[in-house]
Amino acid sequence: MKRQRQRLDTGARIDRSQRLGFRFNGKSYEGFAGDTLASALLANGVRLVGRSFKFHRPRGIYSAGMEEPNALVQLGKGAASEPNLRATQVELFDGLEAASVNCWPSVKFDVWALNDRVSSMLPAGFYYKTFMWPKSFWHRYEKVIRKGAGLGIAPQAPDHNIYDKRHQHCDVLVVGGGPAGISAALAAGRAGARVILVDEQAELGGALLGNGERIEARSGVDWTLGARAELDDMAEVRVLTRTTAFGYYDQNYVLMVERVNDHLGAPAGTLRQRLWKIRAAQVVLATGAIERPMVFANNDRPGVMLAGAAQTYINRYGAKPGNRAALYVNNDCAYRAALDLVEAGIRVEAVIDVRANPTGEAVAAVRERGIDVLAHHAVGGTLGSKRLRGIEVLALNDKGDGFAGDIRRLRCDLLCLSGGWNPTVHLFSQSGGKLDFDEKQACFVPGEARQAVSAAGAANGVFALQGCLAGGTAAGREAAQKAGFEEPGAPAALPFSPPEADPLNPVWRLPPVSKGEMRFVDLHNDVTVSDIELAAREGYGAVEHLKRYTTTGMGPDQGRTGNMHALAILADIKGVSIPEVGTTTFRPPYAPVPYGVMAGRDVGVLTDPVRMTAIHGWHERSGAVFDDVGHWKRPWYYPRPGENMAAAVRRECVAARDGVALLDASTLGKIDIHGPDAAEFLNRIYTNSWSKLAVGRCRYGLMLGEDGMVMDDGVTTRLGETHYFMTTTTGGAARVMAWMEDWLQCEWPDLKVFLTSVSEQWATLSLSGPNARRLLSELAEGVDLSVQAFPHMSVRDGRVAGIDARIFRVSFTGELGYEVSVATSYGLALWQAFLRVGENYDLTPIGTEALHVLRAEKGYIAVGHDTDGTVTPGDLGMDWIVSTKKDFLGRRSLARADCVRPDRKHFVGLLPEARVPEGAQIVDEPRRRPPMKMIGHVTSCYDSATLGRPIALAMVAGGRERMGETVTIPLTMEGRVVKAEIVSPVFYDAQGERLNV
Amino acid sequence: MKKNKRYSIFSLARNARSYHENWAEAWRSPEPKPSYDAIIVGGGGHGLATAYYLAKEHGITNVAVVEKGPIGLGNTGRNTTVIRSNYLWDESAAIYELSLKLYEGLSQDLNFNIMLSQRGLISLAHNQHDMREMERRVNAIRLNGIDSEMLTLDQIREMVPILNLSPTSRYPVIGGSLQRRGGIARHDAVAWGLARAADDRGVDILQHTEVTGFRIQSGRIEGVETSRGFIAAPKVGVAVAGHSSVLAGMAGFRMPIQSRPLQALVSEPLKPIFNTVLMSATVHVYLSQSDRGELVMGAGTDGYNSYAQRGSPMILEDMLAAAVELFPIFSRVKMMRQWGGIVDICPDASPIVGKTPISGLFFNCGWGTGGFKAIPGSGFVFAHTLAQGEPHEFAAPFSLDRFTTGALIDEHGASGVAH
Amino acid sequence: MLQIPCPHCGPRDEVEFSCGGEAHIARPKESDALSDAEWADYLFMRANPKGVLAERWCHTLGCRRWFNVERDTVSHEILRVYPMGEPRGGGSGA
């Protein structure tokens with residue numbers, strides 16, 4: 001293990017007593033508690049941490065935060081592996097393992113760096129201009145391109161952590177826990193508002209943790225700790241650290257990710273991250289600002305770093321990012337960083353400032369320390385490759401837009417850049433707020449808000465500490481007030497005027513010292529100044545085109561350090577102002593969000609709710625094979641040992657035809673309909689008439705959409721004068737309920753009808769077969785089952801196996817049948833009672849497949865199986881059920897031109913030579929090769945045990961007029977052709993004699 | 001000096017020597033003429049393709065494409081780039097297959113690499129109902145002469161080894177289908193390539209020119225009012241997905257269209273892990289990996305009308321839960337960008353291409369969630385419709401009139417996602 | 001995620017609701033008197049403004065009651081909530 005040779009001996013927010021061992025690119029290192037992976041690497045003197053996306057150029061740590069474009073790592077292994085994390089955000093834990101992404105075989109020697117050698121052939125959008133010949137070769141080129149692209153690797157195993165979600169309401173949500181955010185939370189909290197303060201870092205403090213500034217004679221860190229203590233004492237205030245607000249949606253709905261235990265290595269099985277869904281009355285955005293770099297040739301060497309980041313590594317982490325430094329700036333702010341560098345024992349060679357005559361306080365302080373200030377100078381290039389060895393400095397010409405004089409070389413291993421600051425306006429923009437351009441500071445700041453949101457501190461373009469404190473307090477107080485809370489006797493907020501400082505001079509681009517040198521704007525995606533110039537030249541000068549053509553800002557860092565330069569350079573080329581070029585709309589997420597945390601617990605068995613009947617456990621124990629029908633699990637068939645599906649289904653069908661079968665029909669939709677206008681309501685909902693149905697009788701009904709197409713069907717029973725009981729298909733239950741409520745509430749509010757869904761209140765067991773009555777009679781009490789007393793299509797109340805039951809004499813199999821409904825909690829008891837008594841009758845449980853065979857033999861349609869939303873009652877040959885004497889939903893549509901075409905597809909039976917897959921297409925004139933004109937398709941097809949042959953139901957154009965004709969079913973997947981004869985869809989017991997026994 | 005127009009590896013090498021400083025504009029930015037033979041409203045893929053084929057197939061080059069912003073930034077630049085032609089009904093199969101065939105030669109035709117990647121498109125079946133629908137679809141597609149095949153579980157496992165094929169998952173995969181010629185293409189390149197090629201044939205592409213009204217005289221179109229003044233034309237074709245109802249309103253008629261947000265997202269780039277396009281209607285997600293390595297994903301539309309190009313995050317939660325359920329190893333992969341498009345939804349999930357109540361005014365809209373794959377085919381038949389004044393035979397079934405006759409072309413099952 | 005003020009239950013997240021599309025479409029009483037085109041107008045033609053839309057929402061996972069909403073389709077702002085049967089644009093909004 002190596003010594004931390006770049007570590008300062010004292011100071012900073014790290015705990016030197018807690019040593020943490022970690023591995024990076026296969027080598028062992030040591031850091032301290034409080035480190036990030038980046039700070040620990042810097043403390044160990046590691047400079048080369050990654051390779052760039054396109055040219056695979058060597059890169060080092062560039063920032064100290066989420067804006068990091070270079071230091072992307074793959075963390076962990078196997079199930080704990082996570083790609084593309086920023087080393088600057090990974091908190092160090094003992095045993096951490098990380099590796100650079102996008103390099104092969106290693107970060108030191110990366111063969112893909114060949115791209116850098118031929119970079120002149122690879123300008124922005126080069127792939128649009130080549131790889132077109134020969135045509136068939138693109139997929140080969142593509143393979144290579146794909147291998148070279150991408151960053152980290154997908155994890156190799158399913159995630160071993162879990163994720164959670166929480167919903168929360170609050171009066172004031174404060175995003176960002178720096179000086180402005182803390183002040184806002186304090187002010188709102190003191191007023192009594194329910195406040196949530198979130199910050200993405202491990203502790204509150206924001207910039208105060210890194211910049212060494214003082215507040216009221218205390219260090220910024222001490223002030224923060226005091227504020228945290230006060231916030232923790234407020235009952236209505238919740239502080240969430242390690243939490244990133246990433247999405248700002250309608251009506252102040254904000255999504256955030258809390259990283260619960262990533263900093264502890266997220267052991268297997270633990271809760272790793274939590275999604276917070278916040279609905280806030282008011283939001284204060286104190287999201288800070290991100291420093292801009294300066295752009296020049298080869299500005300990407302490891303050792304080139306943002307000035308504020310260098311300062312943070314020293315002050316917060318006690319890690320020296322270099323030993324011999326230079327700074328390249330256009331503003332006063334970075335001069336303070338120069339002083340901190342000196343303080344840390346780093347030799348500062350010079351501060352290179354593009355401004356002609358910097359005179360601010362900090363500038364004077366730097367000069368006092370004897371540091372060279374090269375005003376009106378610029379950096380023209382850098383030396384070194386895998387680490388920075390020096391820089392080339394040139395004087396600027398009089399206009400400041402080009403170089404004058406000779407190159408002067410400075411030796412250094414650290415170059416700190418400061419090109420001003422960009423307020424972090426992402427969430428404000430996501431909220432729909434407009435952005436204004438601040439000319440003086442050359443940045444976009446929040447403008448007019450569209451939701452209940454305000455911004456404070458650096459996020460609002462106020463960079464001075466006093467301004468952040470005052471602005472935060474004012475914003476917090478105002479937000480609380482708007483939410484209805486006011487602090488009695490709160491002192492008036494102090495007016496704040498920014499301190500005088502020399503304005504920055506944004507020199508966005510300078511010509512290259514020698515042609516062809518790369519000046520990177522977007523370090524992550526390797527987009528250069530020349531790329532932007534090329535895009536503009538070729539007409540991709542709209543900001544959105546520029547982004548897409550050059551890919552600037554499209555990487556995981558979202559171009560946080562480069563977007564402003566890209567815009568400004570484009571504006572410069574076009575000769576317009578930056579706001580005229582415009583900015584792109586920021587969209588969620590502010591920071592990348594793991595899929596897992598968005599999915600939460602809704603995976604695996606909880607992907608969707610599972611609906612199970614009361615008898616489900618029995619089905620499972622009995623070896624049922626299930627089919628998913630909507631959310632329901634329905635037994636498909638019950639294979640006995642050694643039995644395949646065909647044999648099981650045949651056995652089940654035979655039982656129903658020759659003996660007696662038992663089906664769990666509990667999934668049927670059931671709707672209780674009450675009210676004096678119930679019959680009239682049914683008249684409007686169903687195609688047939690309900691006025692004359694007697695109490696105690698059942699009737700089949702067909703339901704159409706307003707477009708005339710069959711939507712659902714089922715049996716409805718009149719239980720009393722004003723009381724009906726409707727059944728629907730399993731899959732259609734919820735839709736039918738919603739459909740009827742819609743019409744009742746919105747169109748027919750005058751009808752006195754009440755609907756109650758009772759699908760889950762009743763367990764329904766269906767007995768069918770010649771022995772059904774005999775079996776039932778052994779268990780039924782208080783009901784006369786005789787054919788005279790209890791005819792087909794009627795209902796009786798009684799007791800079955802001692803359980804109160806509603807018995808319907810209905811059938812979907814064509815056999816004598818009873819559907820016995822009992823309270824769901826008695827469903828299993830009834831099932832078991834049937835089985836017990838059924839032993840004498842060889843009672844056979846059957847699944848949905850057997851039911852389908854039996855109903856198909858009878859030519860009964862299954863809605864959604866034989867129909868597909870394009871079928872009218874006429875198509876089904878069911879005109880007999882369509883009343884001509886009343887209006888009903890869908891009626892008028894049936895008269896439209898297309899619905900009365902004679903060549904519409906008709907529902908018919910087929911006698912195929914062999915069983916064919918359901919969905920198989922039907923043709924009249926088979927040809928050796930497609931295309932072939934299709935005239936319909938097979939909707940249902942089974943091997944009928946009853947008929948001893950395959951049967952099918954189908955939709956065939958003009959089919960009813962073609963009885964007895966032969967059609968062809970070409971099965972091109974299987975390379976065979978099956979002939980079939982068109983017949984009536986009723987294959988069995990056409991007279992219905994078996995029902996009326 | 002004539003700048004280099006043609007793209008090739010040689011021109012790229014030649015230009016490298018001059019630091020790429022001599023490339024020509026991909027398309028001009030001309031001033032609008034007072035009149036054109038035809039105006040296309042909408043500079044998305046469909047509008048640009050229409051202009052291109054008007055010039056190429058019908059020799060009508062005095063054409064303007066009028067676009068309120070920069071071209072290609074509506075749904076053309078906001079989709080998940082999936083291309084396929086596996087549609088159920090004959091009418092749909094014809095137009096989408098025409099489109100796929102045109103796509104197959106488009107890079108060479110336009111001399112602009114649209115990076116068509118025919119890596120195959122797999123649809124998953126999770127229950128018997130899915131299987132039945134899939135058999136029906138695959139059989140119909142094959143008999144229409146279009147490639148499609150059923151897949152066994154083993155075939156699916158071989159093609160997508162990272163897919164969750166556990167029989168105990170909530171919705172176990174029980175089968176699937178494949179269109180091998182399906183795949184993805186680079187969406188921006190389609191718009192840019194069409195614009196460049198149309199411009200090359202003389203079409204004026206008028207960006208930042210917003211249509212504010214139609215000039216209609218005695219039921220005939222005379223031209224369009226724009227933010228840059230009136231532009232006359234005897235024929236106007238409108239292809240403004242998302243905003244079709246608004247434009248129809250300007251012309252004084254209603255459309256059977258609803259504008260809905262359709263959301264999509266991409267992950268951070270990953271090394272190649274997944275080499276097909278995969279969709280599941282039951283688990284509600286479709287997914288591919290771009291050449292840059294991003295996982296590109298979409299799901300259903302939001303449940304309300306919107307012109308905001310954003311939707312509700314619950315859609316994303318559902319989409320990502322579905323993705324993790326199908327691909328458990330993606331749990332730690334991160335969503336990087338998310339956006340919404342505004343799609344035109346028709347009651348039957350099929351487009352409207354053809355005449356309107358205004359003579360000389362034609363509409364091309366209602367492509368719903370599947371417009372990108374239709375771009376060249378749609379442009380081809382719409383160009384014919386504009387040129388001849390009568391619908392192309394492939395466009396005829398997609399007339400506005402079908403909502404009156406009832407001859408709808410119900411493709412709700414085709415999108416692979418819930419509407 | 002819209003926040004929709006259900007007139008019966010108070011403000012709730014969109015996830016509890018379903019949208020029924022354009023409001024105030026009355027079902028024609030004498031549909032036989034309508035031409036196919038007029039019937040198609042009722043069946044399929046829908047307002048789809050870029051701006052304020054009067055639409056129906058149902059609190060499906062709450063009280064299951066339908067009500068009318070005026071909502072801006074660009075800002076998603078909900079301007080007014082009013083009961084079924086009340087005409088658009090007037091009355092006292094919730």
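Throughout, a chain's letter reflects where its sequence line sits, starting with A, and its residues are numbered from 1.
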Looking just at side-chain N and O atoms, do [X] and [Y] make a donor-acceptor pair shorter than 3.5 Å?
X: D628(A); Y: Y171(B); answer: no
X: K129(A); Y: N15(B); answer: no
X: Q289(B); Y: R146(A); answer: yes
X: Y128(A); Y: R186(B); answer: yes

Subject >> E317(B) side chain near K165(A) side chain, heavy-atom distance below 4.5 Å >> reply: yes
**OP:** Report yes if some heavy atom in the side chain of T130(A) is under 4.5 Å from a heavy atom in the side chain of N113(B); otherwise report no.
**Re:**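 No, too far: nothing below the 4.5 Å cut-off.
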Show every donor-acceptor pair shorter than 3.5 Å between a side-chain atom in residues 318-333 of chain B and any protein atom, with sequence neighbours excluded, or say none if there are none.
residue: E325(B); atom: OE1; partner: G604(A); partner atom: N; Å: 2.7
residue: E325(B); atom: OE1; partner: T607(A); partner atom: OG1; Å: 3.2
residue: S331(B); atom: OG; partner: D159(A); partner atom: OD2; Å: 2.6
residue: R332(B); atom: NE; partner: A80(A); partner atom: O; Å: 3.4
residue: R332(B); atom: NH1; partner: D159(A); partner atom: OD1; Å: 2.5
residue: R332(B); atom: NH1; partner: N161(A); partner atom: OD1; Å: 2.9
residue: R332(B); atom: NH2; partner: N161(A); partner atom: OD1; Å: 3.3

Chain A contact via [X] - side chain, backbone, both or neither, heavy atoms under 4.5 Å:
X: L295(B); result: both
X: I9(B); result: both
X: N144(B); result: both
X: Q207(B); result: side chain
X: S29(B); result: neither

Original post:
When you check the gap from the basic side-chain N to the acidic O, do D188(B) and R548(A) get nearer than 4.0 Å?
Top reply: yes
Original post:
Is the shortest side-chain N to carboxylate O distance from R402(B) to D898(A) below 4.0 Å?
Top reply: no
**OP:** Check each atom of N525(A) against the heavy atoms of chain B and say whether the ones under 4.5 Å are side chain, backbone, both or neither.
**Re:** side chain
**OP:** Counting only heavy atoms closer than 4.5 Å, note whether L255(A) contacts chain B via side chain, backbone, both or neither.
**Re:** side chain
**OP:** To the nearest 0.5 Å, tell me how far L116(B) CG sits from E142(A) CD.
**Re:**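 Reported value, rounded in 0.5 Å steps: 9.0 Å.
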Subject >> Test log, rule salt bridge (Lys or Arg N to Asp or Glu O under 4.0 Å), inputs E918(A) and R136(B) >> reply: CA-CA 7 Å; E918(A) 292 177 346; R136(B) 181 180 177 194; over 6 Å; no
**OP:** Determine, step by step, whether K515(A) and E21(B) satisfy the salt bridge (Lys or Arg N to Asp or Glu O under 4.0 Å) criterion, reporting the C-alpha distance in whole Å, the side-chain angles of both residues, the deciding distance to 0.1 Å, and the verdict.
**Re:** CA-CA 11 Å; K515(A) 261 198 163 177; E21(B) 284 174 2; 3.0 Å; yes
